[in-house]
Amino acid sequence: MSAKKNSRSTEEKPACAPQAGQTATEPAAPVAWMDSPEPRQRLIGRIAFVALWIYVAALCLLALDQTFHWGIFGPKVPPIP
């Protein structure tokens with residue numbers, strides 16, 4: 001009986017067997033634009049990333065401008081008494 005267990009345990013699985021939860025016809029996970037092997041998509045991703053941070057920085061600066069009345073984004077308006 002132990003010989004049967006040994007013969008089963010020594011059997012090798014095929015090297016290209018799909019992992020658990022993945023079928024053989026399922027494509028690989030999608031790659032983000034910034035990690036893409038194509039240079040044009042990486043450039044588009046970087047530009048979008050920089051544009052997003054410029055937008056966030058402008059919103060923060062606008063909030064500070066309105067709070068402290070610096071007059072960066074428009075005329076300096078005195079507070080209403």
Side-chain angles (χ1 to χ4, degrees):
M1 186 160 168
S2 64
K4 289 181 183 178
K5 285 185 181 178
N6 287 340
S7 66
R8 287 184 187 163
S9 64
T10 58
E11 292 177 13
E12 295 182 12
K13 295 181 181 178
C16 62
Q19 295 178 355
Q22 186 180 28
T23 62
T25 58
E26 190 175 321
V31 178
W33 280 18
M34 297 208 41
D35 297 330
S36 174
E38 190 174 329
R40 184 174 178 184
Q41 286 184 346
R42 281 195 312 261
L43 179 64
I44 291 170
R46 287 179 185 159
I47 289 171
F49 187 69
V50 168
L52 176 72
W53 277 107
I54 289 173
Y55 178 73
V56 168
L59 283 178
C60 291
L61 192 59
L62 176 64
L64 288 171
D65 178 45
Q66 289 181 349
T67 302
F68 297 110
H69 308 289
W70 292 338
I72 298 172
F73 291 102
K76 195 171 188 179
V77 179
I80 298 174

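Any value given below was found using the heavy atoms of this structure, including those in side chains, with hydrogens, waters and symmetry copies removed. Predicted model, so just to flag it, every value in this text is computed and none were measured.
- Rounding to the nearest 0.5 Å places CD of Q66 at 10.5 Å from CG of L61.
- Checking side-chain atoms of R42 against main-chain N and O of P37 turns up a donor-acceptor pair under 3.5 Å.
- Atoms CD1 and CG, on I54 and L59 in that order, are 12.5 Å from each other to the nearest 0.5 Å.
- No continuous path of ILVMFWY side-chain contacts below 4.5 Å connects Y55 to L62, so the two sit in separate hydrophobic clusters.
- Nearest heavy-atom pair, D65 versus I72, reported as atom, atom and distance to 0.1 Å: OD1-N, 3.0 Å.
- Residues F73 and F68 share a single hydrophobic cluster, defined by chaining ILVMFWY side chains whose heavy atoms lie under 4.5 Å apart.
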